[in-house]
**Q** 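Handing you a structure now.
Letters go in sequence order (proteins before strands), and every chain restarts at 1. In this text, all values refer to a predicted model and were calculated from it rather than measured experimentally.
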2 protein chains.
Amino acid sequence: MKAPAAPHQPAFRRTRPDARRLALIEACARVLARAGAAGASVRAIAVEAGVSPGLVGHYFSGIEALVAATYAHVEGAVAETLDHAVAEAGPEPRARLDAFVTASFAPAIADPQLLATWIAFWSLVAARPAIAAQHDEQYSGSRARLEALLAACGVPAERQRRDAIAVSALVDGLWLELCLSPGCFSAEEAGDIARRFLDTLIS
Amino acid sequence: MKAPAAPHQPAFRRTRPDARRLALIEACARVLARAGAAGASVRAIAVEAGVSPGLVGHYFSGIEALVAATYAHVEGAVAETLDHAVAEAGPEPRARLDAFVTASFAPAIADPQLLATWIAFWSLVAARPAIAAQHDEQYSGSRARLEALLAACGVPAERQRRDAIAVSALVDGLWLELCLSPGCFSAEEAGDIARRFLDTLIS
DNA sequence: ATGCTTGTTGGACGATCGTACAACAACGCG
DNA sequence: CGCGTTGTTGTACGATCGTCCAACAAGCAT
């Protein structure tokens, strides 16, 4: 008794290359969040994405390139979230700056699972010059946005660079500690600390 | 023709357990500095320490326990270096605080190779509750030292906790970025930023 | 000197890793 | 409808991983 003339359900579907690439990146981010850098293997990511292990090598030269692409994607999503928070804050420059730091500690950003992507990426910076260059590029982009927010608040040009480095470092340090031990201090405290620091820069 | 009665050079030497344990920890730190978290395997560490691979399992329950012990040891050495710098600064409270942040960016501390130990440890925090607890303990110890330095500068008691969190975050953020991309800004700039922040806290 | 304790060795073991590759099939095009 | 392109599969491969353990030997006690 053969199966009736089923419409030959395809064993897999072809996808537009950029969509498949994005699916692999998102699967990588989920695996990193769940299992950490040590658990982010080609096979685990392929299972998460629902594809065969061999497909990873078809889109990325190796697991490191996939991690780098995942970092770039997640960092872009974070930047977009922050930009959105800034835009919602209205036109007042100081309110926009406050919105930036406040959003930096919101649950969606200060997320221990998100930190796993950063750690996996950082672990490659020292050994891979190309990844170090990518980090420099993304860091300078993030700092440039911060400089613009500071400039709008009247920070003189000759201090913008240094103040942006300072704010970035303070926010990143608070963010890191908030991810590593969420019970030590609250997101509200972190926001208060950062906003008070902005007071001293702008005053 | 047998070999002459050589004094039977021992194939290995027994060592006091704590000394051997320390040797393994220091070997782990060197491997982490050279090869990163991904290259810190039991075998690589054993070769670095000049012992057999099996000995690692004899002193540590696993590679994660060795990494945790290595972090504790390196963190202790860093704290000792900073304490030494503070002690050399003399009795003046503000000078001691300045010495603390300045030493935090000295080449021996803001070292990309040192960051590898931190990253390897951080990558375990999310998944291992015991390691998260160790991180909380070492962080609160570091913050307590900072609170004492701030208190000596006249920071009122009700602000000591928050200001210590702030200084710690700023210094850590600068330190992290200094390690990740040493060419972006200098240790002197980082020290200037941190000391200027202290001005606003103490004033 | 002799025996005992135990630090130490070195390899075996199964699991898992990243990568490569030949075969297959889904889909666009003629 | 048939053909060619190529996204996709599944597996094989060698390397390396962490762990385990029986045997060995260094050093201490007697």
Side-chain angles (χ1 to χ4, degrees), chain A residues 5-28 31-32 34-70 120 123-124 127-128 130-131, chain B residues 5-28 31-32 34-70 120 123-124 127-128 130-131:
Chain A
H8 182 60
Q9 179 171 316
F12 61 90
R13 289 190 309 159
R14 301 179 90 128
T15 312
R16 290 189 11 252
D18 53 347
R20 183 70 83 186
R21 195 182 146 90
L22 181 61
L24 286 171
I25 285 173
E26 290 172 338
C28 179
V31 171
L32 282 170
R34 184 204 314 138
S41 67
V42 169
R43 285 170 177 80
I45 294 166
V47 168
E48 177 70 30
V51 299
S52 144
L55 199 59
V56 175
H58 194 264
Y59 283 97
F60 299 93
S61 65
I63 202 82
E64 296 184 354
L66 175 50
V67 168
T70 301
S123 71
L124 303 175
R128 315 288 164 184
I131 292 194
Chain B
H8 181 59
Q9 179 170 316
F12 60 90
R13 288 192 307 159
R14 301 179 90 127
T15 312
R16 290 194 7 255
D18 53 346
R20 183 70 83 184
R21 195 183 147 89
L22 181 62
L24 286 171
I25 285 172
E26 289 172 339
C28 179
V31 171
L32 281 171
R34 184 203 316 136
S41 67
V42 169
R43 285 170 176 80
I45 294 166
V47 168
E48 177 70 30
V51 300
S52 140
L55 200 58
V56 174
H58 194 264
Y59 281 96
F60 299 93
S61 64
I63 202 86
E64 296 183 354
L66 175 51
V67 168
T70 301
S123 72
L124 303 175
R128 315 288 164 186
I131 292 193

**Q** On the nucleotide D:dT16, are OP1 or OP2 found under 4.0 Å from the side-chain N or O atoms that B:Ser41 carries?
**A** no

**Q** Between A:Ile63 (CD1) and C:dA20 (P), how many Å, whole number?
**A**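 These atoms are roughly 13 Å apart.
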
**Q** Just to confirm, is there a sub-4.0 Å distance from OP1 or OP2 of D:dT8 to any side-chain nitrogen or oxygen of A:Thr15?
**A** yes

**Q** Go through D:dT11, D:dT9, C:dT9 for me and flag the one nearest to the A:Pro53 side chain.
**A**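 In terms of side-chain proximity for A:Pro53, the closest of D:dT11, D:dT9, C:dT9 is D:dT11.
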
**Q** Could you tell me which non-hydrogen atom of A:Pro53 sits nearest to which non-hydrogen atom of A:Val42, and how far apart they are?
**A**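 A:Pro53 and A:Val42 have their closest heavy atoms at O-CG1, 3.7 Å.
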
**Q** Test for a donor-acceptor pair under 3.5 Å between the base of D:dG18 and the side chain of B:Arg43, counting only N and O atoms.
**A** yes

**Q** In whole angstroms, how far is the P atom of C:dC27 from the CZ atom of A:Arg13?
**A**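 About 8 Å, once rounded to whole Å.
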
**Q** Expressed in angstrom and rounded to an integer, what is the separation of B:Leu24 atom CG from C:dT9 atom C1'?
**A**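 Answer to the nearest Å: 14 Å.
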
**Q** Please determine if a side-chain N or O atom of A:Ser61 lies less than 4.0 Å away from the OP1 or OP2 oxygen of C:dG18.
**A**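 No, outside the criterion.
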
**Q** Can you find a side chain N or O atom of B:His58 that sits less than 4.0 Å from OP1 or OP2 on C:dT8?
**A** no

**Q** Look at all strands and tell whether B:Val56 reaches a base, only sugar-phosphate, or nothing, counting heavy atoms closer than 4.0 Å.
**A**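 Nothing, no nucleic acid heavy atom in range.
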
**Q** If you compare all heavy atoms of A:Leu55 against all heavy atoms of A:Leu24, which two are closest, and at what distance to 0.1 Å?
**A** O-CD1, 4.3 Å

**Q** To the nearest angstrom, how far is B:Phe60 atom CZ from D:dC20 atom P?
**A** 16 Å

**Q** For the pair made of CZ in A:Arg21 and P in D:dG7, what is the distance, rounded to whole Å?
**A**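 Distance check: A:Arg21 CZ to D:dG7 P gives 13 Å.
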
**Q** Phosphate oxygens OP1/OP2 of C:dG7: is one of them under 4.0 Å from a side-chain N or O of B:Tyr59?
**A**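 False: B:Tyr59 side-chain N/O out of range (4.0 Å or more) of C:dG7 OP1/OP2.
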
**Q** Nearest-Å distance, CG (B:Asp18) to C1' (C:dG7)?
**A** 13 Å

**Q** Quick one: A:Leu55 CG to C:dG18 P, roughly how many Å, whole number?
**A**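 A:Leu55 atom CG is separated from C:dG18 atom P by 15 Å.
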
**Q** Which comes earlier along DNA chain C counting from the 5' end, the contact point of A:Ala44 or that of A:Gly54, where each point is its nearest nucleotide?
**A** A:Ala44

**Q** Looking at D:dT19, C:dT9, D:dG10, which one has an atom nearest to any side-chain atom of B:Ser52?
**A**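 Nearest to the side-chain atoms of B:Ser52, counting from C-beta on, is C:dT9.
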
**Q** Has A:Arg14 got a side-chain N or O lying under 4.0 Å from the OP1 or OP2 atom of C:dA25?
**A** no

**Q** Does the side chain of B:Arg34 reach to within under 4.5 Å of the side chain of B:Glu48, using non-hydrogen atoms?
**A** yes

**Q** Once you round it to whole Å, what is the distance between P of C:dG28 and CZ of A:Arg16?
**A**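 The answer, rounded to whole Å, is 12 Å.
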
**Q** What distance do A:Leu22 atom CG and A:Thr15 atom OG1 have between them, rounded to the nearest 0.5 Å?
**A**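 Answer for the CG-OG1 pair, A:Leu22 versus A:Thr15, is 11.0 Å.
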
**Q** Which is it for B:Phe60 and B:Ile25 under the side-chain contact (heavy atoms from CB on, under 4.5 Å) test, yes or no, and what are the steps along the way?
**A** CA-CA 10 Å; B:Phe60 299 93; B:Ile25 285 172; 3.9 Å; yes

